[in-house]
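One structure is given below, encoded as structure tokens.
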Amino acid sequence: MVAASGKPTRSPAKRGAGKPSPVIAKAKPLSSPLASPTPSQRSRGRVGGANPEQDQVASPTSRLPRSPTSPRGTPRRGAAVKAKLNMEAAAADEAAFGDNPRRRAKKDDDDYDSRMASDDDAFDEPSFGAKKPPRPRSKPGTPRKPAQSLLTGLSLGADGGSQDTQGKCQLAENLPAIRDVQDMFTDMVKKLPELGAFIKKLGRPLRVATMCSGTESPLLALDKIGNACEHVYGAKLNVDHVFSCEIEPFKQAYIERNFAPPILFRDIRELDEDQATTAYGALVDVPGCCDMLVAGTSCVDYSNLNNEQKEITEQGESGQTFRGMMTWVQRKQPPIVILENVCGAPWEDIAEAFQAKGYAAHFMRVDTKRFYIPHTRTRVYLFATKIAPVKGEKAPKPGEDYTCAVYRKRVRTLSGYKDKKTKKNHEGTLTKQWKDKVKELERPASSTLEAFLFDSDDPRVHKGRQMLARPGEDGTRAGTDWARCESRHQRARLEEGLGARRPFTNWEGGCVMPDYAWNDWGKAQTDRVLDLMDIDFLRLAQADTDSAHKTLVWNLSQNVDRTTGSGAAGICPCLTPSMVPFVTNRGGPLVGIEALSLQGIPVDDLLLTRESEGQMSDLAGNAMTTTVVGACMLSALLLVKDTIFAYGAVVKQGAADEAAKKKSTAGSSMGKSATSLSVGGAAGATATESKVQGVADLVPGDLTLCSVVPKGDQKGYQKLLAEAGAAARFCVCE
């Protein structure tokens, strides 16, 4: 400022002047995935370049005292001094970077296809390599480039197709935007011209069984595939749903309400017997004669978020559900099996278990954002198909492993295997064709995350917001002890140079988020969640990014030293059942129905009545993505179509045997003792025998609905029906 006399005057003291600057004596290199050089660092890089001596002379901050308790140290100047120390420490440690196991491990985890044991719920992260030099000053008027961690471009290959950059598949901005699920499957079906001939030659419904599929994504995918085939090829793929199996009561209600399967078993572990218990408590025969089984057995023992993982051979939940599924496969021998689980599952052991039963089996890792939907969700799908023995071979009997060496060699050749001595992987001739077909159906997501979100005034969003904000309606936040996490938050702020401010939530003594945000939801959050939001906000600010104007998702359920933010704008990180996905430009979380939409589930076709927000998040977090499982099923069907055609005779014979059995057992005993069921069955309970008595004494007569309503009184019947409807009650599972 210049006074009227021409002499310079001092500007008013800025906020925070005179306070000790938060400078640390020896700072560590920035370890945040969103960290980048501050403006002070860039200015020094422009003037001084790589010469430390020249940098000290020319840098504006070089004139500042080094003392952490400088009387003129403001937070901004303190951050500049600290940033310079960070640069010096980074340059000193650069030579020893390879000896630092922590940072080297982070770099190794960033390799998308390097290891199958990497975190299955990992988000897209920038590389953790050596620090880059400060970028040079751009010319005036040059538009600022976005931060590297927020780039969403996708380069094109020589053939015009998408070429993955840095091992990651980003949004395909060159392709037309597709948001509707039906349009996704129509585009997928158009890539398979042989599908129309397959449906016409099949000439019957495809018999499908599902186990532990939760939202029944395979059935939703097959329904959309059938509609697309009818539109494109004039032949619809009809599906005969044989049975479902689900142990969660609210998921049983969801399945019964939306799909009404003929049989809904309650426990997959009971399917190793001739009869199993349904969700309603009845004992029924376990059906077979299925063309395809799609299963998603429990993943709790394999997840990298579980600190007490168990092997598949142990008596854990994952091992028990897998053995229940595998026993049914041994007994019924369906031609096709599709199995989905997290990346940390013992896939080599699972594939060998299928191969021992005469199935050519192998697996591949897929990502949802490579199949139309902007959602980073890496899962592994296994394809297994029954191999019929040829002349000179002997297939194993149901329940037994193969003993014929010639047959075993052919199965392993078709499946592919890993040599335990040389540690070399041998690609299977049959399973490689399945993988190639699945990859042919890939199409990177071309619509951003916002296209899958609902409007803020949508009644479903309003209802979800009310449910999520209910604990904070009285204006008080949940009082929880977060002492163990608080030290980690303070360390992250110190090491990353974020300071102690809370500019986003201002949660000291309350929670006051920006005007556009869901403040009613924020008041219901704990101190840990609010402080994590401020840390993520400051991390983006270091990268010159305003989170209020970017569609990013923060995972507020993870701790601060895990990856909690999106690696790319417009792409959702992996949704888990207990996740708190916060959308930055909304100022609030995803509601459950939006999470289902990001799994490719056509929510407008479903009847969602009594599910809470937590239950819908559980449905979405455990669901298969419809576009991914649809591509896997289509590829398997077309690959072994001759086997499916031949299996039609088995299906026809099985239907005839089932009809004859029902006719012969009509009016006889309902079943056997339930004490012989496996673990999880109705142990100790005995199924009562029931027979219809006096059948010969029954004579035909007029139907009288109610003795209190005179015959022919239509108004009386209507009144009776209205009263009955008013007295209706939900089932206990509802």
Side-chain angles (χ1 to χ4, degrees), residues 192-210 218 221-222 225-226 229 235 237-242 287-295 325-326 328-339 351 353-364 381-398 402 404 406-416 428-438 440-441 629-655 657:
L192 302 171
E194 66 273 23
L195 186 57
F198 167 78
I199 297 173
K200 294 176 182 178
K201 186 175 180 180
L202 183 62
R204 61 176 177 85
L206 187 72
R207 291 175 60 86
V208 179
T210 57
L222 288 172
I225 290 172
C229 291
L237 178 63
N238 295 313
V239 176
D240 184 6
H241 188 194
V242 181
C289 300
C290 298
D291 295 297
M292 181 165 55
L293 168 69
V294 185
M325 180 273 301
M326 197 66 200
W328 183 88
V329 171
Q330 295 173 21
R331 294 167 61 89
K332 307 301 181 181
Q333 298 190 354
I336 298 175
V337 178
I338 302 293
L339 184 62
F354 274 97
Q355 294 170 17
K357 308 303 177 184
Y359 278 82
H362 213 266
F363 51 90
M364 69 178 299
Y381 283 77
L382 178 139
F383 161 66
T385 181
K386 183 66 177 178
I387 302 300
V390 296
K391 186 176 180 180
E393 297 178 350
K394 183 180 180 181
K397 297 180 180 179
Y402 47 48
C404 179
V406 179
Y407 181 69
R408 176 185 178 182
K409 183 177 180 181
R410 188 163 70 93
V411 170
R412 285 170 60 86
T413 303
L414 294 173
S415 304
T429 56
L430 181 63
T431 55
K432 185 179 184 301
Q433 297 179 39
W434 173 73
K435 295 178 183 180
D436 293 340
K437 279 187 172 293
V438 173
E440 289 175 3
L441 299 179
V629 70
C632 294
M633 292 188 297
L634 282 176
S635 301
L637 286 172
L638 295 179
L639 183 61
V640 296
K641 55 185 178 182
D642 293 336
T643 304
I644 297 296
F645 296 149
Y647 197 72
V650 179
V651 172
K652 185 177 180 180
Q653 183 62 39
D657 295 342

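A quick note: this is a predicted structure, and the numbers were derived from the prediction, not measured. Values below: all heavy atoms of this structure, side chains included; hydrogens, waters and symmetry mates excluded.
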Open item on the list: Would R207 and D240 count as a salt bridge (charged side-chain N to carboxylate O under 4.0 Å, His left out) here? Give the steps.
Closed with: CA-CA 5 Å; R207 291 175 60 86; D240 184 6; 3.1 Å; yes

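- Counting heavy-atom neighbours within 6.0 Å of K332 NZ, excluding the residue itself, gives a total above 12.
- Salt-bridge formation is detected for the pair K437/E194: a Lys NZ or Arg NE/NH1/NH2 atom is positioned less than 4.0 Å from an Asp or Glu carboxylate oxygen.
- A heavy-atom distance below 4.5 Å is found between the side chains of P335 and I644.
- The distance from atom CG of L222 to atom CE of M633, rounded to the nearest 0.5 Å, is 3.5 Å.
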- [ ] Tell me, with the steps shown, if I336 and L293 meet side-chain contact (heavy atoms from CB on, under 4.5 Å).
- [x] CA-CA 6 Å; I336 298 175; L293 168 69; over 6 Å; no

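- Nearest heavy atom pair, residue L339 against residue F354, reads CD2-CE1, 4.3 Å.
- Looking at every heavy atom in both residues, C290 comes nearest to V242 through SG-CG2, 3.7 Å.
- Between W434 and F383, the ring-plane angle classifies as parallel under the 30° and 60° cut-offs.
- Of the possible donor and acceptor atoms, one in the side chain of Q433 sits under 3.5 Å from a partner among the backbone N and O of T429.
- In this structure a side-chain-to-backbone donor-acceptor pair under 3.5 Å is missing from Y359 to A353.
- Proximity of a side-chain donor or acceptor of T431 to a complementary backbone N or O of S415 within less than 3.5 Å is detected.
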TODO: Kindly indicate, with the supporting measurements, whether the criterion side-chain contact (heavy atoms from CB on, under 4.5 Å) is fulfilled by D291 and V208.
DONE: CA-CA 6 Å; D291 295 297; V208 179; 5.9 Å; no

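- Side-chain atoms of K201 do not come within 3.5 Å of backbone N or O of K641 as any donor-acceptor pair.
- When all heavy atoms of S635 and L441 are compared, the pair lying nearest together is OG-CD1, 3.8 Å.
- Between K652 and D657 there is no salt bridge, since no side-chain nitrogen of the basic residue lies less than 4.0 Å from a carboxylate oxygen of the acidic one.
- Considering every non-hydrogen atom in both W328 and P334, the closest pair reads CZ3-CG, 3.7 Å.
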